[in-house]
Amino acid sequence: MTTTNFLRMKKWKMTGIIVLLLVITYGSSMITDFDMLKGLKSIPGTIAWMATNLIPDAAAMENLPKVLSRLWETIVLSVIASTTAAIFAFFFAIFGSKTTQLNRPLAFCTRLIASVFRNIPVVAWALVLVISFGHNVVTGYFALFISTFGTLVRMFVETIDEASADGVEALNATGATYFQMVFKGVLPDTMPQMLSWLFYMIETNIRSATLIGLLTGTGIGYLFDLHYKRLDYGTLGLITLSIIVIVIAIEFTSNKVRRMIL
Amino acid sequence: MSTITLERPTEQAVTKETSVVTETVLELRNIAKSYDMKTLIIQDIDLQLKQGEFVSIIGPSGAGKSTLLRCINRMIEPTSGDIIFDGTNITQLNKASLRKQRTKIGMVFQHYNLVSRLTVFENVLHGRFGYKSTLQGILGLYTEEEKMLALSILEKLGMKEHVYKRCDQLSGGQKQRVGIARALVQQPKLLLCDEPIASLDPNSSKVIMDHLKEISQSMGITVLVNLHQVDVALKYSDRIIGLNRGSKLFDDLPKRLSQMDIHNIYGAEVDELIFE
Amino acid sequence: MSTITLERPTEQAVTKETSVVTETVLELRNIAKSYDMKTLIIQDIDLQLKQGEFVSIIGPSGAGKSTLLRCINRMIEPTSGDIIFDGTNITQLNKASLRKQRTKIGMVFQHYNLVSRLTVFENVLHGRFGYKSTLQGILGLYTEEEKMLALSILEKLGMKEHVYKRCDQLSGGQKQRVGIARALVQQPKLLLCDEPIASLDPNSSKVIMDHLKEISQSMGITVLVNLHQVDVALKYSDRIIGLNRGSKLFDDLPKRLSQMDIHNIYGAEVDELIFE
Amino acid sequence: ACNSEEGNAAKAKSNEPLVMVWYPNESGSEMAGARDAFGRIFEEATGRKVEQKLTTDYAIAIESIASGNAQVAFMGPQGYIEANNKSADVQPIVVPSGSSGTLEDAVYYSWLAVPKEKADGYKVNGEFALDTIAGKKFSFVSASSTSGFKVPSSSIIAHFTKQDAYKALKQDDLIEANALFPEVLFGDSHQGSAVNMMMGRADVAAFCDTCVSAYVELVEGKENTAGAIYRVKDDAAAPFNNLTGEEFVLISSTPVLNSPFVVNTSALTEEEITKLTELLISDETTNDQTIFVPKDSGEIGLFYKSGDERFVKVEDTWFDPIRKLSE
Amino acid sequence: MAQTALLQGIHMKNGKIKTCTLTKATITVRAVIIFLSVFTLVGPFLLKYSAIDWPTAIMYTLDNLKMMFLQPTFNQITFSTAMTQILITLSLAFLATILGAVLSFFLAISTAKNLAPAGLSNAIIAFNSIIRAVPTVLWVLIFAIVAGLGAVAAVLGMMLHTIAYLTKAYAESFEEIEEGTIEALRASGANWWHIIFHCVLPQSASYLVSWTFLRFETNYGVAIAMGAAAAAGGIGFELFMSSSFYYDLHEVGMITYCALVVAIVLEVIALQIKKRLMTQ
Ligand SMILES: Nc1ncnc2c1ncn2[C@@H]1O[C@H](COP(=O)(O)OP(=O)(O)OP(=O)(O)O)[C@@H](O)[C@H]1O
Ligand SMILES: Nc1ncnc2c1ncn2[C@@H]1O[C@H](COP(=O)(O)OP(=O)(O)OP(=O)(O)O)[C@@H](O)[C@H]1O
Ligand SMILES: [Mg+2]
Ligand SMILES: [Mg+2]
């Protein structure tokens with residue numbers, strides 16, 4: 001009977017997908033020598049290690065003023081880089097989204113560029129930028145800008161795609177120009193989600209401390225890198241704690257803002 | 001910019017002033033459209049609409065009603081044929097001139113197509129974009145006359161108390177009235193409505209249809225409506241056009257629409273139709 | 001598990017078999033509900049429904065129609081009062097027993113509330129979850145009888161050719177029929193319908209109301225429907241209940257509903273109602 | 001005492017693979033052939049399978065050997081000191097010698113270099129003097145590098161804290177702009193530090209001899225002494241490809257102890273360690289051309305042979321000079 | 001006269017009609033945008049710069065980019081090594097993603113406001129913030145100390161950030177599900193697990209897949225660095241060697257190209273799967 005077959009087919013499909021995933025998982029474990037059990041067993045040890053090592057001691061607390069001033073630098077840099085990247089990303093996303101694209105080749109190129117920016121390994125950027133610019137805030141700015149831009153274009157494209165095409169259609173029908181349509185039809189609908197992504201990227205950029213630190217020679221990440229390389233876990237704990245506070249603060253603000261806007 | 005004087009409709013206004021209906025607003029000549037360059041979705045459509053006329057297009061799902069409507073303001077490009085609107089051959093226009101012509105054609109959508117986060121007022125004013133430069137539009141620089149025009153239209157549609165509400169707070173019928181206001185603020189000569197009441201409950205449907213009818217009568221605007229409901233079309237139209245598989249099968253006064261015609265237009269589906 | 005034998009309704013079945021309507025299926029005693037513990041949204045509601053009865057609740061927006069309906073299967077908790085369904089006092093039940101009782105109460109919603117990415121068939125079978133253990137439910141282990149039951153109900157509702165369609169590909173009227181099928185596959189004694197036709201066009205509305213009426217008659221299921229349209233209520237109901245500000249103002253046969261009653265129920269709003 | 005106990009515990013699981021961790025930056029050059037050769041040696045010595053782990057992270061390497069997750073490692077002297085601080089079980093067994101074949105010249109050099117045209121500015125009475133670097137822009141390698149930070153910074157501190165103006169200066173202070181240097185840069189690699197100086201981003205740079213030997217040649221003076229002038233080779237690869245022909249002068253050159261092979265004594269038995277050490281210092285290893293690549297062969301190797309280079313036994317105390325640097 | 005009647009109840013400012021009133025939403029949006037703009041304009045003056053020789057720096061950048069992208073070659077390694085190593089990196093990323101995704105699913109159904117109690121939900125959100133705030137490399141270090149060098153450390157280290165990210169993403173997808181469908185199933189007597197698997201999961205499947213793939217892509221980037229750090233291998237080690245050790249920009253370019261091609265292939269696959277899920 002076809003009905004039974006239909007449901008069974010669907011179940012077979014599901015089972016097939018699950019089996020496929022299991023097979024890939026198993027294959028990956030083989031290739032990389034990954035031992036799930038060992039992983040599970042290590043979790044209590046991890047918590048114990050953190051509890052004993054990552055507690056800031058008195059010596060670490062001496063670094064507090066330095067941590068705070070570096071944290072501030074990081075926040076500033078991250079906001080600047082994210083905001084400017086968002087502006088560029090917005091225009092790229094408009095040309096890249098199905099709803100608002102001018103034509104398909106341009107949309108494809110836009111998405112490709114974003115993908116390239118996003119997927120070139122950080123190490124490679126770091127190499128080029130540090131050789132040329134040395135350790136400098138500007139280096140960090142470029143590195144953050146590049147990766148943020150790449151990510152935001154994708155986020156924004158999806159946001160715009162999801163926003164209904166209805167408003168766009170209606171504005172076109174009234175004889176609105178392209179940019180009128182974008183700014184009055186698309187922007188109001190997508191603004192809350194885009195702001196939420198922007199906040200998310202600011203947070204990410206603060207967290208991707210190690211990268212900025214490596215490139216800029218400033219910021220909390222630099223301090224992290226320094227103390228990490230010296231195995232000074234007390235100070236690392238302090239730095240981590242300060243990042244946690246900022247992350248939670250930003251998440252809180254972002255949620256508040258989102259709720260107000262929606 | 002001349003401001004339309006919007007008078008409260010008087011009871012007499014409802015009786016049609018035939019003297020106005022003279023000038024041809026829209027003429028379609030041999031329009032055809034194919035999406036895939038193989039099958040023709042609509043074909044050989046000839047049509048003339050006069051000023052202030054209220055015309056309904058009926059036909060089964062997939063007949064090409066929406067396609068035809070969208071061809072008129074070139075939201076989709078007709079494959080062949082000419083569209084003469086207000087004396088201009090629209091099919092020949094470049095982008096900028098097309099934009100100019102589109103301002104004179106208002107469009108009302110089944111799903112209202114409003115920018116839901118903006119206020120009623122802002123949505124209505126969007127209808128003025130065609131008259132503005134890009135920058136003016138982006139900055140939202142509307143003249144006081146334009147705002148007054150929008151307000152008077154909203155008042156006429158009974159939406160004045162909602163001007164500052166965000167559109168996502170409105171009911172379906174209210175949204176559709178905003179959609180109509182947006183089209184009217186364009187000061188169009190022609191109003192295209194693609195199933196304006198398909199998403200509405202019966203009460204709201206009646207309100208909307210009454211408004212559309214009134215617009216065509218008191219303001220002399222030509223209204224072309226796609227409808228699924230034959231009974232509604234019969235009740236409101238000056239003229240009915242029947243479409244089936246992209247061809248015009250009927251184009252005459254409502255009273256001339258026979259059961260036979262309905263059967264031709266809707267094919268076998270006719271039995272499912274309910275006439276209350 | 002006993003399988004309902006679903007016969008194609010014969011013409012005679014439409015005439016009510018009064019002999020069946022005897023047993024009391026639902027009894028509400030002095031039900032009241034307040035969301036904020038200050039104002040009572042509904043109060044002093046007493047109600048008895050017999051097997052196979054078709055009862056409509058009418059009343060203005062905000063009268064508490066939805067609230068009352070949802071109290072019956074405790075989707076919201078009534079603040080006071082007793083609900084006796086099928087001999088059990090529902091208000092006293094713990095979660096597990098409530099779940100059991102709910103399987104015997106089907107619910108149909110204004111916006112259909114279907115899982116749009118799944119097929120019609122799967123959505124209908126969701127109605128069987130109440131009879132299943134957690135694991136059976138998660139794995140979707142339905143018996144052949146259950147599948148046959150679902151199919152026969154779908155056939156009865158004229159949806160057989162759409163069983164494998166995804167629900168987002170259906171029209172509103174078709175979706176609502178899936179919603180009804182989902183409720184019927186629960187093999188309920190009572191069907192609660194919260195404005196089942198408010199989102200539908202007139203044609204689909206008629207189809208749905210006809211089906212509901214038929215269900216109550218041929219299957220002996222009690223149907224309680226919230227309605228906005230008085231004309232529809234008058235046409236289909238065995239009994240009409242009028243609600244205003246949470247109080248029952250009317251509870252009698254449709255023919256006893258006078259213009260006065262309607263005015264009482266709807267208050268000043270009565271003028272806006274359209275009777276076609 | 002506790003060592004032997006844990007040693008026994010280790011013995012019980014001695015059929016588990018032996019984990020060897022490499023930190024490539026400290027090991028001169030990455031050479032799979034040489035690593036495999038070591039793998040064979042360790043396998044022979046312990047009878048256990050050998051797992052080679054390559055990490056790019058300094059901290060992870062140190063923590064692994066200190067916790068016994070890895071049993072053998074090849075790491076820089078500074079890394080060894082830190083691992084030894086974490087766990088006294090970590091002990092050195094051998095280091096590669098200099099060309100004499102003894103511990104005497106088992107060293108490489110940490111340089112302080114300045115551009116040639118500005119060299120005269122660093123002289124006092126015709127001699128290069130450390131005093132002149134005060135107030136300059138300085139480039140180190142990274143805070144964890146022995147020859148690129150620990151050694152130069154400690155000699156700088158040792159020198160300047162004698163002066164009243166810099167009395168309070170500590171080694172830690174040099175990781176960022178301070179009383180002595182208005183600007184401190186890190187090159188992240190020895191090459192990077194050298195480039196910082198040659199491109200003018202820094203006035204003075206610290207880096208080590210072996211790390212840049214592929215790119216520069218001596219043009220004047222004695223190797224590894226103050227005053228020696230080096231020139232970037234014409235065919236130098238990146239990052240020196242834009243700097244060919246540039247010359248720089250050493251204003252100081254400090255010997256740094258070679259990197260040791262270390263073991264975690266709690267994770268290996270006495271017997272295994274002895275066997276391992278003996279195999280490493282044996283003539284067979286010494287003559288293994290995959291390990292000690294003849295210098296004129298033009299091939300890249302882990303260690304080079306120009307004279308009697310070999311592994312020699314070494315004790316923890318040998319590293320005391322480095323240990324003192326960090327105090 | 002008609003005008004004044006028309007203007008009744010209409011807000012005016014400087015004799016002009018206002019098209020929108022200031023609601024909480026518009027005020028917030030404006031405040032946030034003004035704040036960010038001001039911060040971005042003022043920010044650059046709050047930072048310390050070391051002098052940059054712009055012409056040289058830009059010339060060098062272009063030169064380096066040219067070496068990387070216009071003259072890529074393999075020198076130290078071969079194409080097949082690169083491919084094997086990329087496979088390892090991909091495997092690491094896959095393991096971190098799939099394990100993280102499974103755990104995230106269960107965390108997310110306990111986080112979504114429409115499915116779980118507020119207390120539990122907030123606890124998980126806070127827990128996630130903490131996990132995210134610890135840099136990946138520190139996680140990897142901790143796992144390397146506890147579990148030893150290798151894939152375990154790399155995968156678990158990356159998995160934690162995956163969980164933090166995916167839980168948030170999944171939960172937000174769940175929250176967007178129509179409340180009505182959940183209600184309908186509850187009314188029919190379905191229990192919580194039934195609802196999760198037959199209503200929540202099908203409705204959000206395409207979002208879940210697209211989030212998971214996005215994270216897979218991110219993890220692939222992270223795995224490049226972390227695989228090398230945790231001694232689990234992968235293309236990152238080769239990249240590290242050619243960049244920090246040999247300073248071989250040509251090879252860095254080549255490896256970058258390889259990594260990039262794989263990433264783009266991944267993205268294309270993700271798009272295809274998403275499309276099928278949406279239309280199927
Ligand atoms: N963008 C498109 N690309 C390809 N084919 C299309 C497109 N839009 C519509 N069609 C096809 O054209 C035909 C007519 O569609 P159209 O929407 O004009 O019908 P309709 O009469 O408006 O039907 P309905 O009453 O269901 O709205 C249909 O067969 C449809 O599948
Ligand atoms: N969850 C809730 N919390 C607080 N108040 C509620 C809630 N749901 C409904 N109400 C209030 O209860 C009253 C009755 O609402 P209900 O939805 O039952 O009316 P209704 O008769 O179904 O109206 P309609 O015809 O518009 O659906 C309204 O005043 C409404 O604001
Ligand atoms: Mg249509
Ligand atoms: Mg209701």
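The model shown is predicted, which means the values in this text are computed figures rather than measured ones. Reminder, nothing fancy here: chain letters follow the sequence lines and each chain counts from 1.
- Atom-to-atom distance recorded for A:Tyr233:OH and E:Leu141:CG is 4.5 Å, nearest 0.5 angstrom.
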Exercise. Stepwise, does the side-chain contact (heavy atoms from CB on, under 4.5 Å) test hold for E:Trp139 with A:Met50?
Worked result: CA-CA 10 Å; E:Trp139 282 123; A:Met50 290 177 76; 3.4 Å; yes

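- Pairs passing the side-chain hydrogen bond (donor to acceptor under 3.5 Å, both in side chains) check and including a residue from residues 258-268 of chain E, sequence neighbours excluded, read A:Ser115-E:Glu267, A:Arg118-E:Glu267.
- Only the side chain of E:Leu99 has a heavy atom closer than 4.5 Å to any heavy atom of chain A.
- With a threshold of 4.5 angstrom between heavy atoms, A:Val245 does not approach chain E through any atom at all.
- Atom OG in E:Ser129 sits 11.0 Å away from atom CD1 in A:Ile250 (nearest 0.5 Å).
- For the set A:Leu21, A:Leu54, A:Leu195, A:Ile248, the entry with the most heavy-atom pairs within less than 4.5 Å of chain E is A:Leu21.
- With a 4.5 Å cut-off on non-hydrogen atoms, A:Met36 touches chain E through its side chain but not through its backbone.
- Heavy-atom pairs under 4.5 Å with chain A were tallied for E:Leu260, E:Val29, E:Asp63; the largest tally goes to E:Leu260.
- How far OG1 of A:Thr204 is from CZ of E:Arg132: 7.5 Å, rounded to the nearest 0.5 Å.
- Of the atoms belonging to A:Met191, it is side-chain heavy atoms, and not backbone ones, that fall under 4.5 Å from chain E.
- Residue E:Ile125 touches chain A through its side chain alone, counting heavy-atom pairs closer than 4.5 Å.
- Among residues 214-235 of chain E, the residues having any heavy atom closer than 4.5 Å to a heavy atom of chain A are, in sequence order, E:Leu214, E:Glu217, E:Ile224.
- Proximity to chain E involves both the backbone and the side chain of A:Ser29, based on heavy atoms less than 4.5 angstrom apart.
- Proximity to chain A (any heavy atom under 4.5 Å) is restricted, for E:Met68, to the side chain, taken from C-beta onward.
- Heavy atoms of E:Val134 lying under 4.5 Å from chain A belong to its backbone as well as its side chain.
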For this session: Test A:Leu112 against E:Ile264 for side-chain contact (heavy atoms from CB on, under 4.5 Å), laying out the working first.
Result: CA-CA 8 Å; A:Leu112 188 72; E:Ile264 290 176; 4.1 Å; yes

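- A 4.5 Å side-chain heavy-atom check between A:Phe142 and E:Thr61 finds every atom pair outside the cut-off.
- Using a 4.5 Å cut-off between heavy atoms, E:Ile27 does not touch chain A at all.
- A search for ring-ring contact (aromatic ring centres under 6.0 Å, His included) contacts involving E:Trp211 returns A:Trp197, not counting sequence neighbours.
- Here E:Leu95 is the residue among E:Leu95, E:Leu156, E:Ile145, E:Thr256 with the most heavy-atom pairs under 4.5 Å with chain A.
- Contact annotation for E:Leu41: neither backbone nor side-chain heavy atoms come within less than 4.5 Å of a heavy atom of chain A.
- Most heavy-atom pairs under 4.5 Å with chain E, from the set A:Val116, A:Thr151, A:Ile244, A:Val257: that is A:Ile244.
- Heavy atoms closer than 4.5 Å to chain A are found in the side chain of E:Phe69, but not in its backbone.
- When heavy atoms are compared at a cutoff of 4.5 Å, E:Leu92 approaches chain A by way of both its backbone and its side chain.
- Crowding of E:Met59 atom CE: a count of heavy atoms from other residues, nucleotides or ligands under 6.0 Å exceeding 12.
- When heavy atoms are compared at a cutoff of 4.5 Å, A:Val247 approaches chain E solely by way of its side chain, counted from C-beta outward.
- Judged as a side-chain hydrogen bond (donor to acceptor under 3.5 Å, both in side chains), the pairs with a partner in residues 28-41 of chain E (not counting sequence neighbours) are, in order, A:Thr83-E:Thr40.
- Here the CG-CG distance, from E:Leu46 to A:Leu77, works out to 11.0 Å after rounding to the nearest 0.5 Å.
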Exercise. How far apart are the C-alpha atoms of A:Leu198 and E:Leu36, what are their side-chain angles, what is the distance that settles it, and do they pass the side-chain contact (heavy atoms from CB on, under 4.5 Å) test?
Worked result: CA-CA 10 Å; A:Leu198 176 57; E:Leu36 287 178; 3.4 Å; yes

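- For the side-chain contact (heavy atoms from CB on, under 4.5 Å) with E:Phe94, the lone residue among A:Thr25, A:Thr32, A:Ile31 that qualifies is A:Thr25.
- Of the two parts of A:Tyr228, only the side chain, counted from C-beta on, holds a non-hydrogen atom closer than 4.5 Å to a non-hydrogen atom of chain E.
- Expressed to the nearest 0.5 Å, how far CG of A:Asn53 lies from CD1 of E:Ile142 amounts to 8.5 Å.
- Atom-to-atom distance recorded for A:Leu241:CG and E:Ile130:CD1 is 8.5 Å, nearest 0.5 angstrom.
- Heavy atoms closer than 4.5 Å to chain E are found nowhere in A:Ile239, neither backbone nor side chain.
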